[in-house]
Amino acid sequence: MCGIIACVGNKPAAPMLVEGLKRLEYRGYDSAGVAVVADQGLEIARSVGRVSVLESLLGDDGPQGTLGIAHTRWATHGVPSEENAHPHSAMTKSGHTVALVHNGIIENYQTLRKYLAESGYDFTSQTDTEVLAALIAHLYDGDLEKAVQGALREVNGAYAIAVVSDAEPHTLICARKGSPLIIGIADQSYVVASDAAAIVAHTTQGITLDDYQVARLCAGPVDRHSTDGGPWSVEFRTTTIDNQRVTRDIRQLDLDLQQIELGVYPHYMLKEIMEQPEAIRTCLRGRIDERDGRVVLGGLSGYTRELVRAKRFLLAAQGTAYYAGLIGEYLLHDLAKVSARCEYASEFRYRNPTIEDDSVMLAVSQSGETADTLAALGEARERGALGIGVVNVVGSSIASETDAGVYLHVGPEIGVASTKAFLGQVLILTLIALHIGRRKYLSQETVAEYLHQIGRLPEMIERVLEQSDHVRQSVPQFVERDNWLFLGRGYNWPVAMEGALKLKEISYIHAEGMPAAEMKHGPIALIDEGMPVVFVAPQGSQYDKVISNIEEVRARGGRIIAVGTEGDEDIGSYADVVFRIPDVPEPLQPLLSVIPLQLLAYHAAVQRGHDVDKPRNLAKSVTVE
């Protein structure tokens, strides 16, 4: 959700800001804007719609200056409009202007708004962000850093902000609490962003701020009156909101430009689906020892005893990660023989959950910034649970707040509809279950055989991906239908849920996923002549039951799309279309059976003419509750 890009240095700001906004478009947004500190003052441009609209508004002769901030907004407080778009600005008592971009939510903004209105401030938007801009301007007394610190001591909620003022034309102030912010350190300049994707074109060196920390970034000519450029000086310092100096280490950003370029693909989603064999290879690297039947998870090495002794595992997640967590619940029951329960993170802390002694919370998130999951993690740790993160983004908030964790290492995921991250989450949860199971009751031979099959996954995934054209050619006969069912049993009913979610997200087809047996308890009433029903039906312990469910749908005129096992000739006599996966043990089936459903959703969305990578109303990383 929302994106921040800001810069200060020796290069024109406007082109860098627009380029950065384009790299943040995948996060989901409805408006965009920039503010540049130019010779004639602070120039602000805002627009509703895509970044291309803003780019046209700026034109070739955009604002000239080397300090600026920019933002893509996903509406929370106030409808999408130019007035509600960021940056927001406010006038100081001395007649200067402060401008601000903000990710997050200021929870006490109504109280602050009332106070500032009584002090004479006239608000022009419905946003909480304008309130924060006005508060900083109200407190400004010649020191922008001090004003930001003072304002942040008064606010409740989450924020990542970048602030500029024409009173200090070479100074950029940024701060964070509960929302990500990265400071890239380039040659004679700084680039700040909410996502590393926006800054890797300029630098691979950066620092991240912890909660309640503020950075003051300055870059300008040594001789401020020089007209020929001359030497530049750059400096930064980091403090708390209470003005206590802190030290942040510079680190290498775990991302390169090639990883976030489209290359030969028409859409990021297709690119990321096709990247899954290599993503799984990278995820597995150094983590499995087939010969000794051993899982090696360095991030958990100091907590093996706690994991083995744990009486209960809780998994918290949202969206696609939630369905990965449901599979994780099965894996922990089946392979580790421990009590496990996956819950929607958004509901977890509001039901006064019971956290037993020796409980473990697994927080599952691609971005590591999902607000609901972060809150559930905090609640569980507050009540004594061991917090384990399963995230993709290195240095993210969840990674920072857990006791230990395992990174997915599947590479950046740009497409809003998650694909390779889902596979990475399921794979890591599989490895965690095997890691615990081996230390409790699984034999070395059993684990070695599972790891052998896991080591073959990249090649097996490649075989499934070879069916992309078959999926594409099968879609036209179903794509005009607006109501679909996705059904599965055992390990594959969460896969059915994920398949339905993918179709909803990008094709806007109404789809419902559920356990196949649940269909008879109401949803069967929806089935009419020609309704597409997708069965995830690889051979396994409940195969005959799934075939019976297929028969029930066929008897009512539904059309069957099946995901079956290679070599299963029977499934073809029941289904209109079959996509096949290699035969693997049931706990590993979701790592293959979900791929045809990803391709199905992708090709359906393309054939319906939708913008696959920017589905309406959706955001890549949901950083507000």
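If you're wondering where the values come from, they're calculated on a predicted model, not measured in any experiment.
Aromatic ring pairs are classed by plane angle as parallel below 30°, tilted from 30° to 60° and perpendicular above 60°; the pair His138 and Tyr115 is perpendicular. Note: Tyr121 and Phe123 have perpendicular aromatic rings, judged against thresholds of 30 and 60 degrees for the angle between ring planes. Between Tyr190 and Phe236, the two ring planes are perpendicular [angle over 60°; tilted spans 30° to 60°]. The aromatic rings of His267 and Tyr602 lie perpendicular to each other, with more than 60° between the two planes, well past the 30° mark.
Side chains of Ser418 and Thr320: a donor-acceptor N/O pair is absent below 3.5 angstrom, by distance only. Side-chain contact, His170 with Thr66: no donor N or O sits under 3.5 Å from an acceptor N or O. Between the side chains of Glu107 and Asn156, not a single donor N or O lies within less than 3.5 Å of an accepting N or O. Between the side chains of Thr124 and Glu83, no donor-acceptor pair of N or O atoms lies under 3.5 Å.
Once rounded to the nearest 0.5 Å, the distance linking SG of Cys7 with CG of Leu67 reads 7.5 Å. Here Ser47 contributes atom OG and Leu57 contributes atom CG; the two are 6.0 Å apart, rounded to the nearest 0.5 Å. For the atom pair CD of Gln318 and CG of Asp372, the computed distance is 4.5 Å after rounding to the nearest 0.5 Å. Here Leu139 contributes atom CG and Lys146 contributes atom NZ; the two are 10.0 Å apart, rounded to the nearest 0.5 Å. Here CG of Leu132 is found 8.5 Å from CG of Leu112. Values are rounded to the nearest 0.5 Å. Within the model, atoms CG of Leu217 and OG1 of Thr238 stand 9.5 Å from one another, a figure rounded to the nearest 0.5 Å.
Within the 4.5 Å cutoff, the side chain of Val391 has no heavy atoms near those of the Thr402 side chain. For the pair Arg73/Thr127, a side-chain contact is recorded, criterion being any heavy-atom separation below 4.5 Å from C-beta on. In this structure the side chain of Leu181 reaches within 4.5 angstrom of the side chain of Val192, judged on heavy atoms. Counting heavy atoms from C-beta on, the side chains of Asp211 and Arg176 come closer than 4.5 Å. Looking at Leu21 and Val34, their side chains come closer than 4.5 Å, going by heavy atoms from C-beta outward. Contact check for Val51 versus Leu24: no side-chain heavy atoms found under the 4.5 Å cut-off. The shortest side-chain heavy-atom distance between Val191 and Met16 falls under the 4.5 Å cut-off. Contact annotation: the side chain of Tyr407 never approaches that of Asn392 to less than 4.5 Å [non-hydrogen atoms, C-beta and beyond].
Counting only distance, with no hydrogens or angles, the side chain of Ser179 and the backbone of Ala158 share no donor-acceptor pair below 3.5 Å. The backbone N or O of Thr282 sits nowhere less than 3.5 Å from a side-chain atom of His409 that would complete a donor-acceptor pair. Checked by atom type and distance alone, the side chain of Arg237 never pairs as donor or acceptor with a backbone atom of Arg245 at under 3.5 Å. Judged by distance alone, with hydrogens and angles left aside, the side-chain atoms of Asn10 form no donor-acceptor pair with the main-chain N or O of Ser189 at under 3.5 Å. Distance alone, capped at 3.5 Å, places no donor-acceptor pair between the Glu235 side chain and the Arg216 backbone. Between the Gln598 side chain and the Lys502 main chain, no donor and acceptor come within less than 3.5 Å of each other. Formation of a donor-acceptor pair under 3.5 Å by the His202 side chain with backbone atoms of Ala198 is not found in this model. The backbone N or O of Gly378 sits nowhere less than 3.5 Å from a side-chain atom of Glu401 that would complete a donor-acceptor pair. The backbone N or O of Pro412 sits less than 3.5 Å from a side-chain atom of Lys420, completing a donor-acceptor pair. Between the side chain of Glu168 and the backbone N or O of Ser165 there is no donor-acceptor pair closer than 3.5 Å.
Considering Asp166, Leu135, Ile136 as possible partners of Val98, the one that fulfils the side chain to side chain contact (heavy atoms under 4.5 Å, CB included) test is Ile136. A side chain to side chain contact (heavy atoms under 4.5 Å, CB included) with Tyr268 holds for exactly one of Val612, Thr419, Ile414; it is Ile414.
Within 6.0 Å of OH in Tyr508 there are more than 12 heavy atoms belonging to other residues, nucleotides or ligands. Around atom CG of Asp242, more than 12 heavy atoms belonging to other residues, nucleotides or ligands sit under 6.0 Å away. Residue Asp141 qualifies as open at atom CG: its count of foreign heavy atoms under 6.0 Å is 12 or below.
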Kindly indicate, with the supporting measurements, whether the criterion side chain to side chain contact (heavy atoms under 4.5 Å, CB included) is fulfilled by Tyr212 and Thr240.
CA-CA 6 Å; Tyr212 302 106; Thr240 67; 5.6 Å; no
Given the rule in the side chain to side chain donor-acceptor pair (under 3.5 Å) test, do Glu369 and Ser397 qualify, once you have shown the distances and angles that lead to the verdict?
CA-CA 6 Å; Glu369 304 295 345; Ser397 295; 2.5 Å; yes
Start with the C-alpha distance between Arg248 and Asp210, add both sets of side-chain angles, then the distance that settles salt bridge (charged side-chain N to carboxylate O under 4.0 Å, His left out), and finish with yes or no.
CA-CA 9 Å; Arg248 305 299 301 162; Asp210 284 342; 3.0 Å; yes
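For the pair Ser468 and Leu599, the tightest heavy-atom approach, listed with the atom from each and the gap, is OG-CD2, 3.7 Å. Between Leu54 and Ala45, the shortest heavy-atom contact is CD1-O, 3.6 Å. Here the closest heavy-atom approach between residue Pro180 and residue Ala160 is recorded as O-CB, 3.6 Å.
With sequence neighbours left out, Arg608 forms a side-chain hydrogen bond (donor to acceptor under 3.5 Å, both in side chains) with Asp482. Judged as a salt bridge (Lys or Arg N to Asp or Glu O under 4.0 Å), and not counting sequence neighbours, the contacts of Glu278 are Arg281, Arg285. Under the salt bridge (Lys or Arg N to Asp or Glu O under 4.0 Å) criterion, Glu130 pairs with no residue, sequence neighbours left out.
No salt bridge links Arg616 with Asp611; every basic N to acidic carboxylate O contact stays at or beyond 4.0 Å.
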